[in-house]
A.B. asks: 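Submitted below is the structure of interest, expressed as structure tokens.
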Amino acid sequence: MSLWLSGIGISRGIGIGRVQRLHGGDLEIPEYAVPAERVAAEVARFEAAREQAKAQLRQVRAQVGALPGSGGVQGEIAAFIDTHLLMLDDRTLSQAVVALIRKDGLNAEAALRRQRDVLAGAFEQMEDPYLRARRDDVHQVCARVLRLLLQQDQSAAAAPSGAAAPRTAGAHATALPPVIVADDVTPADIILLAQQGVAGFITEYGGPLSHTAILTRSLGIPAIAGLHNARRLLREGETVIVDGELGHALADPDARAAAFFQAKRERLQADRARLARLRDQPAVSRDGVAIKLLANIELPEDAAAAAALGAEGVGLYRTEFLYMNRKTLPDEEEQYRAYARVAASAKGPITIRTLDLGADKQVDSGARAGPMPNNPALGLRAIRLCLKEPELFRTQVRALLRASALGRVQIMLPMISSVQEFRQAQQLIDQARAQLLAEGYPVADEVPVGAMIEVPAAALAAPWLAQHARFFSIGTNDLIQYTLAIDRVDEEVNYLYDPLHPAVLRLIRMTIEAGERAGVPVAMCGEMAGDPRYTRLLLGLGLTEFSMHPNSLLEVKRIIIESDVGALRRQAQRLLAANSATELHELIAQFARAA
Ligand code: PEP
Ligand code: MG
């Protein structure tokens, strides 16, 4: 009998295969006290497991070149493994565990579990969905070391469990490739399994921003995450269909369902092939309007992967990641190395945002003194914090200016709310430049400084700001939060978060118009820019630079290529002039239908 299950679709496509459950599951972690004379040996046991985990990852990394897909995909995969290798070397993991073993006399497994929960908890708190999803990496990295400590052989990770009897007769199902059903799958395991040829992945944990998700998408393997109890409900060897778009799994399908999904698979494969062909095609609309497509990145290594997916440059590099999960602030040299890496690896302009700490992005390195304010989103955040603590700002700006000698670096100031604030920051940047030149450092002649438009006051004051800023970038995530007075991290008011609110649309248009008048380029780097549902509307509002997560680039490009921008702009004018809510909603709906 057929069985429908529902999870979160994380990698589009239809996979038809037989269930192959992975060993693993939640590890049973013992906790016991280690006597003082055994502490040194326990630390050595932990270190040996950590080294072995690194050796395993390096071995998998060496096989990346043999994977299917373009050099870009392979680079992305190598970057995932490097992230796990870096985590294994990170002091917040290794030293903290050693300290727990030494100070609290804990056994290595329990110490690692404790530190894993601390780190995963810190990522969990982050408002930025990409960074929040890194908690899955923490779990995966720690599970690798834990299995080694518990002496469970990970090379058997891809072996089937073979416990339950198949729901269907095996003859047909065994001819199919496997669909992997697991609690979670690490990037390294995905690579090994992809080489063996799998039809899909179903995991009990994870979400659309996990590395598992990003990797399965890169490899084009259909996948579903968050399907609770999948390992219990799906039987070894039975036929299962994975719909990675809708997040549905259908076990033991009848002939009609199988034919339906077969047809859907063929349709999606044709779509995917068409999208891949767009990679090197310019993003020019039907009526000849050229649009710039840029990438949002969080880590220096993301830049090369973004370029491989066709991004023309970096529209937003969030530098907060450098400051998080550490006790000390990164110094100028460390920052310079990170920015230099991005500047050297991306081909177009590299827009690096100065520190946006405070509110949802807290750090524990003492960058912010004093008690937590009652309303942090309206408090000492981003550029306000940097102007209050000029040393913090100067260190970052010096590193940015030094990196400008290696690529087309632009400096972007977050949360600007007035011309004075912008000018004050610009002055500090000019001083840092003069100092660096006096010290003999090379600095590019042109390092444009721009403002993020994410506070309503900045959008309203855009004509004046445009006299000072060299570019604008609209941060809709915050612009929507501040315009509609809804805390973006408060789930209670999430339902009010509406990118299509007429007030938001007007502020976007005002910003673009101010830029057009002053000859200041206007980009958008909030989530709205990468959401294909809004592409036509934004083209209609006059947006010509979109910065987004690289995975959305080709879909957005397809819409741009199929659009008539002139017609969309006329339609948007009617929308902005609408004088009834009904008319407005009808006009907004038309954008979703227009081509
Ligand atoms: C924004 O606010 O839209 C933005 C891009 O910045 P962040 O999400 O990092 O606040
Ligand atoms: Mg913001």
Side-chain angles (χ1 to χ4, degrees), residues 123 125-134 209 293-299 302 306 311 313-324 350-363 367 375-386 396 410-417 421-422 425 450-459 462 469 471-490 494 497-501 503-505 507-508 511-512 522-531 534 538 541 543 545-550 552 556:
F123 278 106
Q125 296 301 316
M126 292 179 191
E127 198 278 335
D128 181 282
Y130 178 87
L131 295 179
R132 198 166 56 235
R134 300 286 70 80
L209 290 162
L293 292 182
L294 305 159
N296 290 356
I297 64 167
E298 267 84 16
L299 296 170
D302 295 341
V314 171
L316 166 64
Y317 170 22
R318 290 181 166 100
T319 56
E320 295 77 57
F321 198 78
L322 280 169
Y323 291 74
M324 287 172 172
I350 319 297
T351 311
I352 307 183
R353 179 173 76 181
T354 57
L355 252 188
D356 183 9
L357 292 183
D360 49 295
K361 306 178 186 90
Q362 295 294 335
V363 290
N375 204 336
L378 302 181
L380 200 55
R381 178 189 164 181
I383 197 67
R384 301 173 181 183
L385 175 68
C386 287
Q396 181 172 39
Q410 312 199 114
I411 299 179
M412 180 154 79
L413 306 173
M415 221 197 159
I416 288 288
S417 61
E421 218 167 25
F422 187 89
M452 274 193 84
I453 306 294
E454 50 184 350
V455 176
F471 63 91
F472 286 155
S473 187
I474 307 174
T476 46
N477 307 344
D478 277 312
L479 187 63
I480 297 168
Q481 137 163 291
Y482 292 125
T483 305
L484 305 181
I486 36 169
D487 189 339
R488 63 194 255 200
V489 295
D490 185 344
N494 254 351
Y497 197 87
D498 179 13
L500 298 176
H501 193 293
V504 173
L505 299 183
L507 290 173
I508 292 173
T511 307
I512 295 171
V522 181
M524 177 180 287
C525 61
E527 291 301 302
M528 196 176 175
D531 190 328
Y534 307 131
L538 294 172
L541 292 174
L543 191 71
E545 291 187 27
F546 293 62
S547 189
M548 65 195 77
H549 190 277
S552 307
V556 169

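First listed ligand is number 1; within each ligand, the first listed atom is number 1. Note that the structure is predicted; figures quoted are calculated from it, not measured. These numbers come from the heavy atoms of this one structure, side chains and all, not from hydrogens, waters or symmetry mates.
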A.B. asks: Any idea which atoms of ligand 1 are less than 4.0 Å away from a heavy-atom of L316?
C.D. replies: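 With L316 as reference, the close atoms of ligand 1 come out as 5 (C).
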A.B. asks: Any non-hydrogen atom of M548 lying under 4.0 Å from ligand 1?
C.D. replies: no
A.B. asks: Is any N or O atom of E527, backbone or side chain, closer than 3.5 Å to an N or O atom of ligand 1?
C.D. replies: no
A.B. asks: Please work out, at 4.0 Å between heavy atoms, whether the side chain, the backbone, both, or neither of I474 comes within that distance of ligand 1.
C.D. replies: neither
A.B. asks: Atom CG in L378, atom CG in D487: separation rounded to 0.5 Å?
C.D. replies: 8.5 Å
A.B. asks: Heavy-atom contact under 4.0 Å between E320 and ligand 1?
C.D. replies: no
A.B. asks: Report the distance from atom CZ of R384 to atom SG of C386, rounding to the nearest 0.5 Å.
C.D. replies: 12.0 Å
A.B. asks: How long is the straight-line distance from CD1 of I508 back to CE of M528, given to the nearest 0.5 Å?
C.D. replies: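 CD1 of I508 is found 4.0 Å from CE of M528.
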A.B. asks: If you measure from each non-hydrogen atom of D356 to ligand 1, which part falls under 4.0 Å: side chain, backbone, both or neither?
C.D. replies: side chain
A.B. asks: Considering residues at least two apart in sequence or located in another chain, which fulfil the side-chain contact (heavy atoms from CB on, under 4.5 Å) criterion with A382?
C.D. replies: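 Testing A382 for side-chain contact (heavy atoms from CB on, under 4.5 Å), a comparison that skips the adjacent residues, returns D356, P414, M415.
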A.B. asks: So, do V522 and E545 sit near enough that their side-chain heavy atoms are less than 4.5 Å apart?
C.D. replies: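 Not in contact.
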A.B. asks: Specify which N/O/S atom of D478 comes nearest to the Mg ion (ligand 2), by atom name.
C.D. replies: OD2
A.B. asks: Report, in ascending order of atom number, the atoms of ligand 1 lying under 4.0 Å from any heavy atom of R381.
C.D. replies: 10 (O)
A.B. asks: Can you find a non-hydrogen atom of M452 under 4.0 Å from ligand 1?
C.D. replies: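 Within the 4.0 Å threshold, so yes.
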A.B. asks: side-chain contact (heavy atoms from CB on, under 4.5 Å) with A503: which residues, sequence neighbours excluded?
C.D. replies: T483, H501
A.B. asks: How does R318 reach ligand 1, by side chain, by backbone, by both or by neither, if only non-hydrogen atoms under 4.0 Å count?
C.D. replies: side chain
A.B. asks: Taking the side chain from Y317 and the backbone from T354, do they hold a donor-acceptor pair closer than 3.5 Å?
C.D. replies: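 Judged by distance alone, no pair lies under 3.5 Å.
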A.B. asks: If you consider just the N/O/S atoms, which atom of E454 is the closest one to the Mg ion (ligand 2)?
C.D. replies: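 Closest N, O or S atom of E454 to the Mg ion (ligand 2): OE1.
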A.B. asks: Heavy-atom distances under 4.0 Å decide this one: backbone, side chain, both or neither, for Q481 against ligand 1?
C.D. replies: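 None of Q481 does.
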A.B. asks: Can you find a pair of side-chain heavy atoms, one from E320 and one from R353, that are under 4.5 Å apart?
C.D. replies: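 Yes, their side chains come closer than 4.5 Å.
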